[in-house]
**Student:** 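One structure follows; several queries about it will come next.
Order of the sequence lines sets the chain letters (A, B, ...), proteins ahead of strands, with each chain counted from 1.
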Amino acid sequence: MEQQNSVHWADIYADKIIREKGDKELYTCASGITPSGTVHIGNFREIISVDLVVKALRQKGKNVRFIYSWDDYDVFRKVPKNMPEPQLLETYLRKPITLVPDTTKRADNYARGNELDVEEKLPIVGVYPEYLYQAQRYRSSLYAEQMKKALELKPQIISVLNQYRAEPLDDSWWPIAVFSSFTDKDNTTILSWDGQYGVTYRDNDLNKEETIDLRTTPYAKLHWRVDWPMRWVYEGVDFEPAGKDHHSKGGSFDTSRQIVEFFGGHAPVSFQYDFISIKGRGGKISSSSGEVVSLGDVLEVYTPELTRFLFASTRPNTEFAISFDLDVLKLYEDYDNCERRYFGLLPCNEKKLAMEKRVYELSQVGDVPKTPGYQIPFRHLCNLLQINSGDVDAVIASLSDVKEDQIERLRTRCRCAWTWITTFAPEDFRFSVATADSEKVALDEEGLKAVRALCSKVASWDGKDEKDLSQLIYDAAAEAGVENTALFTATYMALIGKEKGPKLAGFMNTIGKERVLAVLSKY
RNA sequence: GGGCCAAUAGCUCAGUAGGUAGAGCAACGCCCUUUUAAGGCGUGGGUCGUUGGUUCGAACCCAACUUGGCUCACCA
């Protein structure tokens with residue numbers, strides 16, 4: 001009957017998990033990635049998707065374990081562009097990424113550096129998985145029995161994999177791989193298995209042979225297509241989505257769902273999430289820093305709630321772009337509208353309301369706030385920040401109706417707005433307001449007349465009423481005998497050094513009479 | 001070759017359980033006799049890729065097709 005209430009995909013999947021896996025004491029939801037480079041926002045889609053489903057299951061009263069697997073016993077295949085000391089890293093190719101040094105000096109090793117980036121950011125968006133480190137697990141021989149089992153299952157596994165392979169695997173293939181104990185590299189060939197725990201391999205670089213014991217060796221691991229289903233059983237995974245590369249027919253999910261049966265388990269409930277693209281960062285980051293956009297990068301421009309909102313309001317199986325361009329303005333507006341509907345401040349039909357409410361709830365980092373945030377259009381906020389040279393506290397102080405419980409949220413929004421306007425906004429949106437100490441701008445005769453007339457008009461303004469000010473502006477143009485356009489242009493030049501700007505009356509009102517006069521009176 | 005996704009207003013896209021087609025931008029108009037980039041209100045604009053089918057009713061479900069994109073058939 002719960003299904004009746006489920007309108008959001010996260011709830012629908014939670015229902016599906018309960019339906020297909022039965023009533024359980026504990027549901028295990030899993031996600032994971034190989035930290036072989038910067039973990040990007042596309043990888044985050046999987047994490048947040050699982051988090052949303054976890055949240056949904058918990059709200060249905062279920063006990064849930066959310067695990068995140070760092071597949072960090074993988075091979076270092078190539079040196080990413082723009083890593084420090086590439087020639088040093090080069091010497092570590094073919095070793096496990098946990099044995100590669102972190103040349104950025106963030107962490108003990110290369111994999112750990114990439115992991116830390118994520119682990120430090122996830123709490124900001126309210127995501128708290130239990131991290132499982134596969135290198136540590138394999139190296140402590142935790143999976144010895146499972147590897148033995150896989151060796152026993154070799155013929156069945158090969159027959160599954162061969163259904164889709166262009167070049168069939170033959171008997172010389174083994175479900176495990178071995179790193180050389182001499183070099184740590186994976187350039188090895190398995191020669192034989194003794195039917196128990198003994199595996200003999202040859203180091204192809206040194207042409208040396210060695211026999212290892214799966215119960216004690218740190219060097220053996222399962223191949224991915226066997227490793228994944230093994231861990232489904234080991235952890236009892238009930239739900240794990242995956243990218244489209246895994247979910248294609250013949251992809252790793254497809255073979256894993258068959259192989260997992262050999263291990264005595266069943267495939268988890270899953271769905272395919274699509275990739276995400278990036279929009280509006282062209283030329284803004286130096287091309288030398290690469291194209292990768294991380295969760296941290298997104299959080300520079302989107303508040304934690306907005307970041308969750310991007311994913312909670314989008315169906316996971318469709319591609320979408322994370323924008324750093326003008327779409328940012330619209331997305332903040334969308335979020336604010338969603339919030340207003342949640343709090344009943346914006347009319348909305350019933351069907352849409354149910355969805356909007358759920359999206360809003362799922363977008364929150366912690367508990368759902370009792371009151372809406374301070375809703376100020378993003379673009380207006382950008383202008384206020386520019387008027388105040390990025391001084392967040394000054395901007396908040398200038399907004400007299402901000403309530404106590406809105407300040408923190410607003411502060412975060414201000415920081416995002418400032419990053420956006422200074423880093424990603426089109427040139428047209430940017431300005432800085434002159435001060436009494438600024439250099440004067442060269443104006444022609446007409447412009448000077450206009451500015452002087454405006455200055456004396458503004459002096460008689462009460463400093464509050466925008467309508468009055470608007471009238472004064474036109475009066476000034478008439479008095480100076482210049483075209484309105486000439487006055488606007490000259491005034492913008494004097495105030496912000498550009499020919500155009502925000503609507504003048506409101507703009508001057510925001511800047512404040514005193515400061516406007518301080519600038520204009522110099523002319 | 002297999003699989004998945006998309007095609008809706010001039011543009012970018014919503015439409016997440018079949019019930020009279022939506023938003024933002026752009027355009028135009030108004031709030032404001034007045035030319036400028038913040039706010040608000042309003043107007044115009046779509047045979048929902050094509051053809052069939054199911055249904056009282058289809059953008060939505062089914063089948064086929066057209067066009068575009070991604071992905072697997074290496075590794076993980």
**Student:** Please give the nucleotide sitting opposite B:C56 as a Watson-Crick or G-U wobble pair, both distances under 3.5 Å, or none.
**Tutor:** B:G19
**Student:** Please report the distance separating the P of B:G46 from the corresponding atom of B:G22, rounded so that it comes out in whole Å.
**Tutor:** 13 Å
**Student:** According to the interplanar angle, ranging from 0 to 90°, do the rings of A:Tyr13 and A:Phe239 count as parallel (below 30°), tilted (30 to 60°) or perpendicular (above 60°)?
**Tutor:** tilted
**Student:** Calculate, to the nearest 0.5 Å, the distance between atoms OG1 and OH belonging to A:Thr189 and A:Tyr201 respectively.
**Tutor:** 11.0 Å
**Student:** Can you confirm whether A:Arg231 sits close enough to A:Leu132 that some side-chain heavy atom of one is under 4.5 Å from a side-chain heavy atom of the other?
**Tutor:** no
**Student:** Quantified in whole Å, what is the C1' atom distance between nucleotide B:U8 and nucleotide B:G45?
**Tutor:** 14 Å
**Student:** Can you build the contact string for nucleotides 64-76 of chain B? Use B for base contact, S for sugar-phosphate-only contact, and - for no protein heavy atom under 4.0 Å.
**Tutor:** ------BBSSSSB
**Student:** Any chance CG of A:Asp170 has more than 12 other-residue heavy atoms, nucleotides or ligands included, within less than 6.0 Å?
**Tutor:** yes
**Student:** Quantified in whole Å, what is the C1' atom distance between nucleotide B:A9 and nucleotide B:C25?
**Tutor:** 12 Å
**Student:** Going by purine N1 to pyrimidine N3 plus the second Watson-Crick contact, or the G-U wobble pair, all under 3.5 Å, which nucleotide sits opposite B:C41?
**Tutor:** B:G29
**Student:** Does A:Phe309 have its ring centroid less than 6.0 Å away from the ring centroid of A:Tyr335?
**Tutor:** yes
**Student:** In whole Å, measure the gap between the C1' atoms of B:A58 and B:A21 for me.
**Tutor:** 12 Å
**Student:** Between A:Phe253 and A:His246 (judged by ring centroids, cut-off 6.0 Å), do the two rings come close enough to count as a pair?
**Tutor:** no
**Student:** Name the residue closer to the 5' end of RNA chain B, choosing between A:Gln471 and A:Asp334 according to the nucleotide with the nearest heavy atom.
**Tutor:** A:Asp334
**Student:** Say you pick atom P in B:G18 and the same atom in B:C11; how far apart are they, in whole Å?
**Tutor:** 29 Å
**Student:** Say you pick atom C1' in B:C5 and the same atom in B:G44; how far apart are they, in whole Å?
**Tutor:** 34 Å
**Student:** Table please: side-chain donor-acceptor pairs of residues 372-383 of chain A below 3.5 Å, with sequence neighbours left out.
**Tutor:**
residue, atom, partner, partner atom, Å
A:Tyr374, OH, A:Asp401, OD1, 2.8
A:Gln375, NE2, A:Asp336, O, 2.8
A:Gln375, NE2, A:Glu339, OE1, 2.9

**Student:** Quote, to the nearest angstrom, the C1' distance that separates B:U50 from B:U67.
**Tutor:** 11 Å
**Student:** Mind checking the C1' distance from B:G15 to B:G53? Whole angstroms is fine.
**Tutor:** 24 Å
**Student:** Looking for any heavy atom pair under 4.0 Å, which part of the strands does A:Ser36 touch: base, sugar-phosphate only, or nothing?
**Tutor:** nothing
**Student:** Just verifying a value: how many Å separate A:Arg225 CZ and A:Asp254 CG, rounded to the nearest 0.5 Å?
**Tutor:** 8.5 Å
**Student:** Please confirm whether the ring centroid of A:Phe179 lies under 6.0 Å from the ring centroid of A:Tyr73.
**Tutor:** yes
**Student:** Does anything in residues 481-498 of chain A reach RNA chain B, meaning a heavy atom under 4.0 Å, and if so which residues?
**Tutor:** A:Glu483, A:Asn484, A:Thr485, A:Phe488, A:Tyr492
**Student:** Both distances under 3.5 Å, Watson-Crick or G-U wobble: report the partner of B:C48, or none.
**Tutor:** none
